[in-house]
Number of protein chains: 4
Amino acid sequence: MIREQKINPENDLGFGPQPVIKNQPLLNKNGTVNVKRKGMSRFNTADTYHTLITMSWTKFWLVVLSGYLFTNLVFACIYVAIGHSSLDGTSGGNGMSHFLDAFFFSAQTISTVGYGHISPQGVVANSVAAFESMLGLLAFALATGLLYGRFSRPTAKIVYSENLLVAPYHGGRRGLMFRLCNIRKNVLIDLEIEVVFSYNELVDGKPLRRFFPLSLERKNVSMLSLNWTVVHPLDQDSPLIDITREDFERGEASFSVLLKAFDDTFSQTVHSRTAYQANEMVWGAKFVPMFQRDEEGRIVLDMSKINTFEALS
Amino acid sequence: MIREQKINPENDLGFGPQPVIKNQPLLNKNGTVNVKRKGMSRFNTADTYHTLITMSWTKFWLVVLSGYLFTNLVFACIYVAIGHSSLDGTSGGNGMSHFLDAFFFSAQTISTVGYGHISPQGVVANSVAAFESMLGLLAFALATGLLYGRFSRPTAKIVYSENLLVAPYHGGRRGLMFRLCNIRKNVLIDLEIEVVFSYNELVDGKPLRRFFPLSLERKNVSMLSLNWTVVHPLDQDSPLIDITREDFERGEASFSVLLKAFDDTFSQTVHSRTAYQANEMVWGAKFVPMFQRDEEGRIVLDMSKINTFEALS
Amino acid sequence: MIREQKINPENDLGFGPQPVIKNQPLLNKNGTVNVKRKGMSRFNTADTYHTLITMSWTKFWLVVLSGYLFTNLVFACIYVAIGHSSLDGTSGGNGMSHFLDAFFFSAQTISTVGYGHISPQGVVANSVAAFESMLGLLAFALATGLLYGRFSRPTAKIVYSENLLVAPYHGGRRGLMFRLCNIRKNVLIDLEIEVVFSYNELVDGKPLRRFFPLSLERKNVSMLSLNWTVVHPLDQDSPLIDITREDFERGEASFSVLLKAFDDTFSQTVHSRTAYQANEMVWGAKFVPMFQRDEEGRIVLDMSKINTFEALS
Amino acid sequence: MIREQKINPENDLGFGPQPVIKNQPLLNKNGTVNVKRKGMSRFNTADTYHTLITMSWTKFWLVVLSGYLFTNLVFACIYVAIGHSSLDGTSGGNGMSHFLDAFFFSAQTISTVGYGHISPQGVVANSVAAFESMLGLLAFALATGLLYGRFSRPTAKIVYSENLLVAPYHGGRRGLMFRLCNIRKNVLIDLEIEVVFSYNELVDGKPLRRFFPLSLERKNVSMLSLNWTVVHPLDQDSPLIDITREDFERGEASFSVLLKAFDDTFSQTVHSRTAYQANEMVWGAKFVPMFQRDEEGRIVLDMSKINTFEALS
């Protein structure tokens, strides 16, 4: 059974008392909220931007490339539709060759490279070409904005240990421990972390989710220079002191981690979130240090060791 | 009659004791301030930018397109004015056909596509063309900045329930309730809300506007994961406990809502405002939940239900 | 004589006890610091950027235009130096006409318009042209960044009344008053203002500057909807209660105004500063209201009245 | 020996009790953290951006130029591979001359200048050219973003005195002093500084690093108008009062300086860090003032004097 404790209403992550069922965490491992949403208006510029900014680079380049091809196909058809006379300097061939001339002319126009060995003739073709070149400039303006937007987004990338250890902690106590570090080059300062424990409790028969902020050995770090091992001491003040492994499982317990930091390189506040489920807890193990010294006495931090721990006999 | 209470002077939204007359709210539904302004210097770069950034996309594209057409018209006239000899490779026709040649040459120049089948001849035409192409680059630089500016603006879009309900609230009390959710994909954290009640009071004959911050069941949410139902309990501590429906109407009462949040996707602080007038209050009704569970037990939030409530018999 | 009072060391605006002499204010009317600086390394990218961002638009366009002309002149000379054969399609004239051909070819290259009626011949000319076109793209990239930088800077423009009034203030007291409003369209919220009074005091013969934060009727406004009249009550708690007009003059007194606000449109924190000197104080006058009502009862704010006051008999 | 004192755990700069050995400071003079890192995934967009943004301008231009040359070389090879017929308008020469034609054509395509005296023939060459011009636009979009990113980074450049002086301080005491100023034009306000003293202490035989926040005569300045001399009074409350010069050396003592300010010109929070080692302390010297008055009585600040001090007999 859990100990009674004043709950800070701010700490329910905005879920209220909704219970977790069928092992559906509230917060996913990657920090996103596990809620499906519907009923929003389909098209939505801000979300389009959001999507283009957050999608993977591979996807992004595919979108750009296919957009470029598609637009050229459309304009090629238009030039073909206008007729042979519309493009001067073409091989004058028919069907496919004519289409290809139109396609490449379109590419030369939209990219504003305009060699000129093919050039538009007549009012219609000229108007289309004039419009296409303007379109090209704007499309390119968009690409510029998107590329910059993708780059300049808060770039802190925090890596967390996969497991949450129940390890011995000085003073013969035990503590809940996980650790994290920043695998990016940018400097993170003024870090602040919050860990919220939540689990299902049966209140007159029906399950309700309850949330408990966990006190930490240390809530802040002024600079993330090495790795940071976050510890919740399992002492008399901890609401978890009496909980058994079975309780954690049964209550679909989870630990939500909310990290806030200031990215000193781009002067932005950045947030990072993750969650540990009961099945990610390891009992009786301790982390292996992540750093050694090199010959000059400099500290060397090995990121790949983030989750390395040793079981305790 | 309203109960006496210490007023926080910060909460008058900067209006001071100006009364509301003829149902002119201080804060519009969309969160803008209902004040007409005059006497500013007409032309004002920052405001031009502001206008171009905040106007609708349709309007924006119209401005860009017409700007492009207009500039080309101007330059076409200049090339025509310089005379036939100024453009080489034209059909050499007169009047309209000459003008069109000039127009399309201008378009090819300003978009820097420069096919070259038409090219400038002589010092004057060359100078104009050189200037126009530079202008084109800068205009395009502007467009880039504007497009990026439009995209990268704080994008949280909070939707509020249209009505303010006077609903039963646990402990047999009643409460004033409205709810909100974010219809955008970006994650909002550290939300803080403030509700200010204002109404006209007769002070020795003349009406003065008075402002009362309302205490809320909950002022903060650490993450906006689902919808958020904001509640002002109508208990003994509420300044509204004794007010009748008629009082609300007579005093041109309004509730100003000020929401502050941190957009975690673009790491910007965003604000949202709205207001409820007396005529938007619904007495004796309660909101219908906005979410169900899907088969996997995942919570599904239906944005379209934001204002769905049921009357209470 | 001034009353003793605890001084908040943070309020000396970073000047320490340096006295003001020969009416050289510490803070200029426009909010800049009145200090000459030398000994900095001359060339300094960040400052170049700073200069280009903060200079007037007229100046900015002149810089861009002259840069464009200058670069073209330089490249024109290069092409001329390489010799006639370097450019194909030129009139083949000598001296001036050759130079002009080179100049316009350069313009067509740097703007990437590249008509092609003139084209580079030979390795040298081609290499120069290839380099120039790359340069053109980068120069233009710079222009884009600068234009966007100029636009997206915090744009709040606070206008202050020119004078600081010593006006009657409720409760039969007097108060020091000035007022301000935002002439831009962007919404300012969470405003906070600080007024620091400073003057020279003779400490054993030599003058020292002393600073006194002034208590205000109101330090914050949650939204700048109308104008804001800032009042320092001249009551028993004011350090100025006993100062005479002569004292203000003699002590080279000045009032520094520091305003902080959040620009809700671009979600940036903006600051504004100004200062009032003793000779800008007006004794026995009061401000005329800046707004009336229109026929619909809407408040109409007239910015042009910002400094309108009436003398009191 | 050092005096016992409550240590604020936030002040260990994220290093914990790791001792400093072989004079390897935790914080480098330039404010970077002295830790080697390994085990990160090699390629990493955010870090690529970080590198391109933070590298020196010379390096940056070299990267851009070589990237441009390299890409053109690659495409030149492709055009050559496709064969003579692929490019129309070339001299038709072989080997080198053919390659050069291809190279310059590529340059004209990627920069979208496209003179057209050389133009692509056939489907293959046209496709490559179409792709190359698109690539050119995107590369350029990247350059734009990078240039703007480089410019718009927080630009405060704080210069610190090279030495930390142990100077006489009013009241016959001594104080630890260093000074700083901003050599950039942008206005810094709301400055806040923190100085942390750290040194190795032997705890039962093995050295541990201990950290002591030092109390300062003044922690904040509302505006950095002149230079700022930061003073830690060596009085009875100072943990350093009893430490000898030898202790500083032996304990590999260092002083970490953390400065936070708001850049009013670009409305960004900026941070600056530096560190002083024991061997940079100067005993019995005092700083020479950095400013005089000019004839109009204006204060003139001479940045070059930042580290000028005079020894005391």
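So you know, we letter chains A, B, ... as the sequences are listed, proteins then strands, and number each from 1. Values below: all heavy atoms of this structure, side chains included; hydrogens, waters and symmetry mates excluded.
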A/Pro25 portion near chain B, given a 4.5 angstrom heavy-atom threshold: neither

Which atoms of B/Asn72 approach chain A - backbone, side chain, both or neither, heavy atom under 4.5 Å: neither

Residue A/Lys260 excluded, over 12 heavy atoms near NZ under 6.0 Å: no

Within 6.0 Å of NZ in A/Lys59, more than 12 heavy atoms from elsewhere: no

Winner by heavy-atom pair count (cut-off under 4.5 Å) against chain B, out of A/Leu142, A/Val33, A/Leu27, A/Val35: A/Val35

Leading residue by heavy atom contact count with chain B [cutoff under 4.5 Å; candidates A/Ser133, A/Ala143, A/Gly136]: A/Ser133

Residue, of A/Thr144, A/Ile110, A/Thr109, that accumulates the most heavy atom pairs under 4.5 Å with chain B: A/Thr109

Parallel, tilted or perpendicular, as decided by the 30° and 60° cut-offs, for the rings of B/Phe262 and A/His271: tilted

Rounded distance (nearest 0.5 Å) linking atom CG of B/Asp263 with atom NE2 of A/His50: 7.5 Å

Toward chain A, the part of B/Phe291 with a non-hydrogen atom under 4.5 Å: side chain

Part of A/Ile118 within contact of chain B (heavy atom distance under 4.5 Å): backbone

Segment of B/Gln108 engaging chain A (4.5 angstrom heavy-atom cut-off): side chain

Enclosure of B/Lys286 NZ (heavy-atom neighbours >12, cutoff 6.0 Å): no

Main-chain N/O of A/Tyr148 paired with B/Tyr148 side-chain donor or acceptor, under 3.5 Å: no

Contact origin within A/Val113 toward chain B - heavy atom pairs under 4.5 Å: backbone

Option that, when pairs with chain A are counted at under 4.5 Å, heavy atom only, ranks first among B/Ser304, B/Ala107, B/Ser225, B/Ser111: B/Ser225

Between CZ on residue B/Arg298 and CG on residue A/Asn34, distance to nearest 0.5 Å: 5.0 Å

Reported CZ-to-CZ distance for the pair A/Phe140 and B/Phe140, which is rounded to 0.5 angstrom: 4.5 Å

Side chains of A/Pro120 and B/His117 in contact at under 4.5 Å (non-hydrogen atoms): yes

Separation of B/Asp264 CG from A/Arg273 CZ (nearest 0.5 Å): 4.5 Å

N/O donor-acceptor pair under 3.5 Å between A/Arg37 side chain and B/Leu226 backbone: no

Shortest non-hydrogen separation from B/Tyr68 to A/Ala130 and the atoms involved: OH-O, 3.0 Å

B/Asp294 side chain near A/Lys36 side chain, heavy-atom distance below 4.5 Å: yes

A/Ser127 versus chain B, the contacting section by heavy-atom distance below 4.5 Å: both

Contacting region of B/Val300 [heavy-atom separation from chain A under 4.5 Å]: both

Largest heavy-atom contact set with chain A, pairs under 4.5 Å, which of B/Ile189, B/Leu224, B/Leu100: B/Ile189

Side chain to side chain, B/Met223 and A/Leu258, heavy atoms closer than 4.5 Å: yes

Interface moiety of A/Gln121 toward chain B, non-hydrogen atoms closer than 4.5 Å: side chain

Pairwise distance CZ(A/Phe211) to OG(B/Ser222) - rounded to 0.5 angstrom: 9.0 Å

Atom of B/Phe104, atom of A/Val123 and distance for their closest heavy-atom approach: CZ-O, 3.6 Å

Rounded distance [0.5 Å steps], CG in B/Leu147 versus CG in A/Leu138: 6.5 Å

Derivation and outcome, side-chain contact (heavy atoms from CB on, under 4.5 Å), residues B/Leu65 and A/Met134: CA-CA 9 Å; B/Leu65 195 55; A/Met134 185 196 72; 3.4 Å; yes

